[in-house]
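Numbers restart at 1 for each chain; the letters A, B, ... are given by sequence-line order, proteins then strands. This is a predicted model, so every value here is computed, not measured. Computed from heavy atoms alone, side chains included, the values below leave out hydrogens, waters and symmetry copies.
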Amino acid sequence: MFDSELNGLSTQIRERLAALGAPPPARIDWAPVPFGGTWGFGTAVCFQAAAAEARSGQPVRIPERAAELAADLASRLQPPHGFTRLHADKAYLNATVDPGIFAARVIDACLSSGPDFGRGARRDERVMVEYAQPNTHHSFHIGHARNALLGESLARLVEFAGFPTVRASYPGDIGLGVITCLWGYQRFHAGEEPQGVHARGQWLLKVYAEANALLTARPGETAEETATREAYDAERRELYRRWDAGDPDVRDLWLRTRQWSLDELNDILSLLSIPIDVYFFESEADEPAKAIVQDLIDRGIAEDERPAGPVIVRIDEKLGLKKEKFRTAVVLRSDGTTLYLTKDLALAKQKFEQFHADRSIYVVDFRQSLHFQQAFKILELMGFPQAPKCFHLAYGYVTLPEGAMSARKGNVVLFMDVLLEAERRVLDVIAEKTPDLPQEQRAAVARQVGLGALTYGLLSVDNTRDIVFDMDSALSFDGQTAPYIQNAHVRATSILRKAGSLPASAGFTYALDRLELELIDWISRFPTAVQQAAAEYKPLHMAAYAYELARAFHAFYHAVPVLQVEEPVRASRLRLVAAARQTLANALRLLDIAAPDVM
RNA sequence: GCCCCCGUAGCUCAAUGGAUAGAGCGCCUGACUUCGAAUCAGUAGGUUCGGUGUUCGAAUCACCGCGGGGGCGCCA
């Protein structure tokens with residue numbers, strides 16, 4: 001917000017430090033001063049300069065010398081426009097801003113940019129984010145929701161930070177799991193088709209779990225049971241063979257049931273406001289993957305051990321590593337069929353060459369870390385310049401209190417079940433707390449608030465951690481939650497509605513209340529928060545920011561009157577409320593959470 | 001054996017190498033005749049797993065341990 005002034009000051013500091021014989025650092029960082037009361041930006045540059053001086057052989061005691069430098073700078077340099085003074089606090093150099101100028105600048109910038117407040121300058125680097133990769137012939141559960149929401153929030157952050165962004169989804173539409181489901185369907189449910197997009201999609205999961213149970217060896221099974229199971233397994237293998245051979249009946253059944261899953265997925269992605277740009281189907285990666293393998297063999301990157309063994313890449317050996325780190329990767333089975341890794345190589349090539357991705361982010365659970373390390377290294381060996389800009393955003397599982405969810409066993413928490421329960425609970429709260437809310441608005445509000453609570457719960461935990469799913473805590477509406485933030489937006493909206501119109505401009509020349517200052521401070525930090533969250537791939541930062549902003553607003557709202565004060569303060573505070581509302585809306589949007597006007 | 005992630009308040013979790021480590025939940029106390037109480041104000045709660053380093057400065061970086069989780073040639 002004061003970048004040009006602080007940059008100018010940094011230049012002066014550098015010159016003065018050099019004149020004093022203390023080598024200034026290449027970059028001078030300014031951070032908001034951590035204490036209330038005074039208000040401005042501080043830098044620890046004097047510590048760095050004094051330390052550099054000591055390193056160059058000067059006999060200085062660093063803390064004393066740093067304090068001396070800070071005192072010199074504070075007394076010699078003039079505060080830039082918009083700042084009231086420079087002063088040394090211990091060895092920190094602090095620049096105190098003029099509250100009136102700062103406030104007007106922040107509020108004007110926010111309101112003139114509106115939905116674009118906080119948007120970064122356009123960058124020349126295309127980013128592809130891959131997420132929402134559920135397998136077909138299963139159903140969308142709460143773990144998939146974490147993945148999809150993490151990816152969507154990240155895509156929104158990166159895009160808003162200034163980078164052209166492509167959203168990619170990679171459904172796993174083939175593999176043994178899919179064939180298992182098809183076998184169960186054909187064997188026991190041929191011709192059946194439940195009505196309703198979600199009922200049908202969820203039913204496939206039941207078929208899959210049922211089939212799996214029949215194909216899994218149980219301890220203490222009789223000889224007869226073993227024989228039956230092995231016969232079933234033979235049927236399944238035969239079905240996979242027929243799929244591979246392109247048998248029209250099998251392909252038709254596969255495509256028809258696949259569509260049931262895709263219909264369910266599309267409906268959920270739509271209600272989650274996730275606009276996928278590109279779909280890559282695993283089944284379509286097969287042929288290009290085989291071509292990649294041949295290329296790897298021809299170029300001496302891969303070794304062909306067929307027919308005795310598979311095609312492998314000895315990555316550690318290729319890199320000359322002594323310790324085993326990337327190990328040896330199998331890129332083609334000995335029977336010539338492709339693997340997950342092979343397809344990911346083909347997919348990456350397509351991302352680089354066909355979609356011109358300069359940077360590629362994979363939102364995939366942390367258990368696949370080695371897989372991606374191997375994939376990225378092989379891409380590097382293949383000579384792709386984008387390979388070092390591939391990043392695996394690993395996240396933890398959503399587990400149940402009793403352990404991991406398992407689609408195979410059928411014990412998963414379905415996303416739609418949680419959403420419907422969330423909406424029921426919101427309706428209960430509305431009945432209790434907002435009985436005047438018109439009936440016809442309640443369903444929409446229940447969706448916005450219920451989905452928001454669920455989303456915030458998944459995004460406000462660091463992606464490295466597992467989340468133990470518990471309905472009550474997942475759907476909490478109190479404390480650090482989406483409804484708390486949404487309620488701040490509702491309150492701001494309500495004030496603005498009662499005010500009627502918003503003044504086109506207003507100064508902040510009166511004595512600002514501490515709570516006003518803190519609110520303005522949080523608004524001013526939004527653009528930086530966007531850049532940080534995008535650069536670190538951490539929607540969590542934005543989730544934390546949104547909460548802090550809401551907290552500042554609630555505190556302000558409670559203690560500082562807006563509509564009841566005299567002009568010109570009233571006009572200034574109205575604009576502040578409008579700016580807070582805008583920033584809350586922008587922050588929520590980056591989290592893929594709705595900002596309702598009533599709730 | 002090797003590699004990756006994690007360890008912070010009773011619980012769940014935060015904290016670009018920077019100043020006094022912060023929230024929520026839970027506990028306790030207070031505030032609705034008020035711009036919407038899904039709110040606010042306040043109390044209590046800490047050897048940041050341990051150790052040794054690097055640094056003017058370490059929850060953060062390095063190394064060694066301890067504890068938990070995950071992974072390691074034809075699953076995805």
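Residue A/R491 places its side chain closer to B/rU39 than to any other of B/rC75, B/rA19, B/rU39. Closest approach to the A/I62 side chain among B/rA76, B/rC40, B/rC56 is made by B/rC56 (side chain taken as heavy atoms from C-beta onward).
Listed by chain and number, the residues in a salt bridge (charged side-chain N to carboxylate O under 4.0 Å, His left out) with A/E536 amount to none (sequence neighbours excluded). Remark: A/Y395 engages no residue in a ring-ring contact (aromatic ring centres under 6.0 Å, His included) (not counting sequence neighbours). With sequence neighbours excluded, no residue satisfies salt bridge (charged side-chain N to carboxylate O under 4.0 Å, His left out) with A/R491. A search for salt bridge (charged side-chain N to carboxylate O under 4.0 Å, His left out) contacts involving A/R408 returns nothing, not counting sequence neighbours.
Base contact: A/I430 has a heavy atom under 4.0 Å from a base atom. A/Y484 comes within 4.0 angstrom of sugar-phosphate atoms only, judged by non-hydrogen atoms across all strands, and of no base. Heavy atoms of A/A66 sit nowhere under 4.0 angstrom from any nucleic acid atom. Within the nucleic acid shown, A/N94 comes within 4.0 Å of at least one base atom, counting heavy atoms only. Using a 4.0 Å heavy-atom cutoff across all strands shown, A/H541 reaches sugar-phosphate atoms only and no base atom. Nucleic acid contact for A/V311: none, since no nucleic acid atom lies under 4.0 Å from a heavy atom of the residue.
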Below 3.5 Å between N/O atoms, which protein atoms pair up with nucleotides 23-34 of chain B? Just atom names and distances, please.
from   : atom 1 : to     : atom 2 : distance (Å)
B/rA23 : O2'    : A/Y547 : OH     : 3.4

Can you pull every protein N or O that's under 3.5 Å from an N or O on nucleotides 1-6 of chain B?
from  : atom 1 : to     : atom 2 : distance (Å)
B/rC2 : O2'    : A/E324 : O      : 2.5
B/rC2 : O2     : A/R327 : NH2    : 2.2
B/rC3 : OP1    : A/K323 : NZ     : 3.3

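Contact annotation: A/K498 side-chain N/O to B/rG36 OP1/OP2 distance is under 4.0 Å.
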